[in-house]
Structures are given as C-alpha cells and as structure tokens.
Amino acid sequence: MASTNALPPTGTGLVVSFGEMLIDFVPTVSGVSLAEAPGFLKAPGGAPANVAIAVARLGGKAAFVGKLGDDEFGHMLAAILKENDVRSDGINFDQGARTALAFVTLRADGEREFMFYRNPSADMLLTPEDLNLELIRSAKVFHYGSISLIVEPCRSAHLKAMEVAREAGCLLSYDPNLRLPLWPSPEEARQQILSIWEKADLIKVSDVELEFLTGSDKIDDESALSLWHPNLKLLLVTLGEHGSRYYTKNFHGSVDAFHVNTVDTTGAGDSFVGALLCKIVDDQSILEDEARLREVLKFANACGAITTTKKGAIPALPTEADALNLIKEKNVKEDVREALKTRCLIL
C-alpha cells in the first residue's frame, strides 16, 4: 500500500543559495555533438541559482548571492530571479567581465556534456567585500556548490560566506556539482571539493560524484559511508532513474525513483535539493525522523523527475501541485498492483 505519512509543509525560513548563475545554450536536437547541432535554445542555469528558483517555485523563500556581468545576459538573469520570487539583494554586477556561458551537449539519453566560456566570467570575480552579510545572516539554510572554490577571489568570498552563515546558526547544505572541465586537474577538483567537506551539515552527491570522490567504481553503502564525517546530519546519493539513498547517524535507506519520459537531465539534482531544503528549513528534526524524511525524499525525487521532462532547468522546475500529482499517480498504480496481487492470491 502507498505510504500514509503526511508530507511536511513548505517552510517560511529563508534559503540563501551561493555561487554561479549563467546562460546554458542547449542544442535543439539531442544526440549530436556541439559542432553538429543545428541550433541552440538559450536557457538560464547555474546550479545554485536553480536551487534558489526551485525553492521559490515550491512556495518557499529564497535568495541568491553571486556576481553577474553588467551586460544584457546578466541583467536578464537578475530579472529571471525576480520573476521567480527569488530575492536579488545578494547580486553584484561586474562592469569588466561578462556573464558566464555554457554550451551543453545533450546525448540521446538526456545526459549532458559541457563546454564553458569563463575567462574570467563575472561569477569568478566575487570578492568577500561584495557579500551582503546581513542577507546571509538572515538565512536558515545556506546552500553552495564547489565551482566557486576554483579560483580567487571567489574562493575567499565562498569561505567568508560559509563562515558568516555558520556563525549565524545556518544549516550548511553542500552539493559539489562536479564540472571537471572547469578545474585545472581532477586531483585539484577532488582536493578542493573535500577541503570544505567537514563544514557541511547536509551533503548531496550524484552517483558519478561518489565514484569520483571515493576513487571506487562501487555505488554501495560502504562507498557512500566513506564520505561520512562526524558533524554530518544527512548524506544523500542521487542515482538518477534508480532513485536516491540517504544516510544519517542512526539510519539509512533508499527511496525509489519516478519513471518519466526523460528529455534533459539538466537541473534534476538542483530540483531535488530545492525540494528537500524547502521542506526542512523550518523543521530540521525531520532529518532525525526516518518516516518523515522518506516522505520528503519521495517528494524530492518527484521534483527531480519532473525537471527531466523538458529542456533547460528553470523552465522545467515543478510546483508543489505538479509533484503531488506525480506522487498520486504512482500511489494509485501501486494500490492497483497490490489489489491485483491480492485478488490473484484469493483466486
């Protein structure tokens, strides 16, 4: 039978997301190289910005902290944040650098490869002095990735923002969001990603990131738990079409995926994270209650799945009603299957 535990309400506390926002150019045809693509769709992106909009789309409160170019793309991205009810008082504009661009290759299965234009882009030039510290201090959750650790001065701004958030009592949420083409080497990426590992209260990695960080090709509990640190409250491993796994001090388990017609996986992990954060922002005791956590993760899986059904991340991010409808559809199917199984046993 489908679970009867209630989904917690979306919280009213502020989720501040720190890092990059850029323009993704997504090919109009899947399964071709960048050179072979006949054209591209312009799509706003950047994992931390996606998370902020995901939170707001689901009815939560979100703000974005980062730097954009003082150009048409930068002002377009700032306008998109405002249109999606994300606070923009943490945004700075750089007159000397352009907004970052990324060209995304969509394979036939919806997975992606990236080519970036950042030399340097405005997001890399955020300084500690640029930070809106009052905004960061007003957050209940401070979320970030690892791209902002690659170069100075943004790395120092990242570390300062984390320090201020920690001192203010924020929950620190970390999604490394590995983009190897942006790093000088895989070794540097691994070292820098892990350099702030033990600061986070909540960490989400994909199966690919788990393999990269552990150096193992096994996607199992032992491999995941090798990334555990004593101050961690929740470790999540997302497995695409195989759902997600969760690990806490006292319990661990897995939550099934929702099967949909996947077009583009861009933003699925960000949608998952946004859904989780907006449900725990006011009540972190959910992280210690397995039944309630499973309901939240089922909701997060549904949000991630829906995001893969359209091209581009932000246009595809779901509302709460969208996610609840998908969950309801799956529950009905499970109930029908259970009823048919019972009927067969009786016969």
Side-chain angles (χ1 to χ4, degrees), residues 2-3 5-11 13 15 17 47-48 50-62 140-141 143 145 171 173-177 200-207 209-210 224 232-248 251-260 262 265-310 313-314 316-331:
S3 171
N5 288 305
L7 179 70
T10 294
V15 176
S17 200
N50 292 342
V51 169
I53 294 177
V55 169
R57 187 77 52 87
L58 293 166
K61 291 183 178 177
K140 283 195 173 180
V141 172
H143 176 76
L171 180 87
S173 166
Y174 185 20
D175 177 358
N177 194 44
D201 300 300
L202 186 159
I203 297 174
K204 174 250 155 189
V205 293
S206 68
D207 45 3
E209 289 161 348
L210 177 64
L232 199 53
K233 295 179 180 177
L234 177 64
L235 173 65
L236 294 160
V237 181
T238 54
L239 305 167
E241 63 183 16
H242 300 295
S244 56
R245 292 182 186 168
Y246 57 90
Y247 303 86
T248 74
F251 54 79
H252 67 270
S254 62
V255 179
D256 291 340
F258 290 80
H259 296 290
V260 295
T262 296
T265 59
T266 306
D270 306 325
S271 182
F272 174 93
V273 170
L276 168 68
L277 296 182
C278 78
K279 293 299 181 186
I280 67 168
V281 63
D282 285 353
D283 187 2
Q284 293 179 27
S285 71
I286 290 169
L287 303 178
E288 300 167 6
D289 182 333
E290 187 169 13
R292 286 196 297 157
L293 180 61
R294 287 183 63 84
E295 286 303 305
V296 169
L297 294 177
K298 180 165 50 169
F299 177 74
N301 279 356
C303 289
I306 291 167
T307 306
T308 71
T309 61
K310 296 179 187 174
I314 290 170
L317 295 170
T319 64
E320 179 152 325
D322 295 331
L324 293 178
N325 283 339
L326 183 59
I327 292 169
K328 185 178 178 182
E329 287 172 16
K330 185 177 182 183
N331 286 345

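Computed from a predicted structure; not experimentally measured.
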K.L.:
Give the C-alpha distance, both sets of side-chain angles, the deciding distance and a yes or no for side-chain contact (heavy atoms from CB on, under 4.5 Å) between Ile306 and Val260.
P.N.:
CA-CA 7 Å; Ile306 291 167; Val260 295; 5.6 Å; no
K.L.:
Measuring only between side-chain heavy atoms, which start at C-beta, is Arg57 closer than 4.5 Å to Asp322?
P.N.:
no
K.L.:
Could you tell me the separation between the OG atom of Ser17 and the CG atom of Leu277, rounded to the nearest 0.5 Å?
P.N.:
8.0 Å
K.L.:
Check whether any side-chain heavy atom of Phe272 lies under 4.5 Å from a side-chain heavy atom of Leu297, and answer yes or no.
P.N.:
yes
K.L.:
Looking at every heavy atom in both Thr307 and Ser271, which two are closest together, and how far apart are they?
P.N.:
OG1-OG, 2.9 Å
K.L.:
Does Val273 reach the side chain of Leu202, with side-chain heavy atoms less than 4.5 Å apart?
P.N.:
no
K.L.:
Does the side chain of Ser285 pick up a donor-acceptor pair with the side chain of Arg292 at under 3.5 Å?
P.N.:
yes
K.L.:
So, do Asn301 and Asp256 sit near enough that their side-chain heavy atoms are less than 4.5 Å apart?
P.N.:
no
K.L.:
Any chance you could measure Ser244, atom OG, to Arg294, atom CZ, to the nearest 0.5 Å?
P.N.:
9.0 Å
K.L.:
Could you state the interatomic distance from CD1 (Ile280) to CD1 (Ile286), rounded to the nearest 0.5 Å?
P.N.:
7.5 Å
K.L.:
By the definition side-chain contact (heavy atoms from CB on, under 4.5 Å), identify the one residue from Leu236, Val237, Leu234 that meets it with Lys204.
P.N.:
Leu236
K.L.:
Does any non-hydrogen side-chain atom of Leu58 lie less than 4.5 Å from one of Cys303?
P.N.:
yes
K.L.:
With a 4.5 Å cut-off on side-chain heavy atoms, are Leu324 and Leu7 touching?
P.N.:
yes
K.L.:
Can you confirm whether Thr10 sits close enough to Lys279 that some side-chain heavy atom of one is under 4.5 Å from a side-chain heavy atom of the other?
P.N.:
yes
K.L.:
Can you name the closest pair of heavy atoms from Glu241 and His259 and give their distance?
P.N.:
O-CE1, 3.3 Å
K.L.:
Looking only at heavy atoms, what is the nearest atom pair of Glu290 and His252, with distance?
P.N.:
OE2-O, 3.8 Å
K.L.:
Find the distance between OG1 (Thr238) and CG (Asp175) and round it off to the nearest 0.5 Å.
P.N.:
7.5 Å
K.L.:
Rounded to the nearest 0.5 Å, how far apart are OG1 of Thr266 and CD1 of Ile314?
P.N.:
11.0 Å
K.L.:
Contact between Glu288 and Thr248 at the side-chain level, heavy atoms closer than 4.5 Å - yes or no?
P.N.:
no
K.L.:
What are the two closest heavy atoms between Ala313 and Asn50, and how far apart are they?
P.N.:
CB-ND2, 3.6 Å
K.L.:
Evaluate the ring planes of Tyr246 and Phe251, with Trp represented by its six-membered ring, and classify them as parallel (under 30°), tilted (30 to 60°) or perpendicular (over 60°).
P.N.:
perpendicular
K.L.:
Gly274 and Val55: which non-hydrogen atoms are nearest, and at how many Å?
P.N.:
O-CG2, 3.6 Å
K.L.:
Who pairs with Phe258 by ring-ring contact (aromatic ring centres under 6.0 Å, His included), at least two apart in sequence or on another chain?
P.N.:
none
K.L.:
Of all heavy-atom pairs between Ile327 and Ala302, which one has the smallest distance, and what is that distance?
P.N.:
CG1-CB, 3.9 Å
K.L.:
Under the ring-ring contact (aromatic ring centres under 6.0 Å, His included) test, which residues partner Phe299, sequence neighbours left out?
P.N.:
none
K.L.:
Could you measure the distance from the CG atom of Asp282 to the NZ atom of Lys140? Nearest 0.5 Å is fine.
P.N.:
4.0 Å
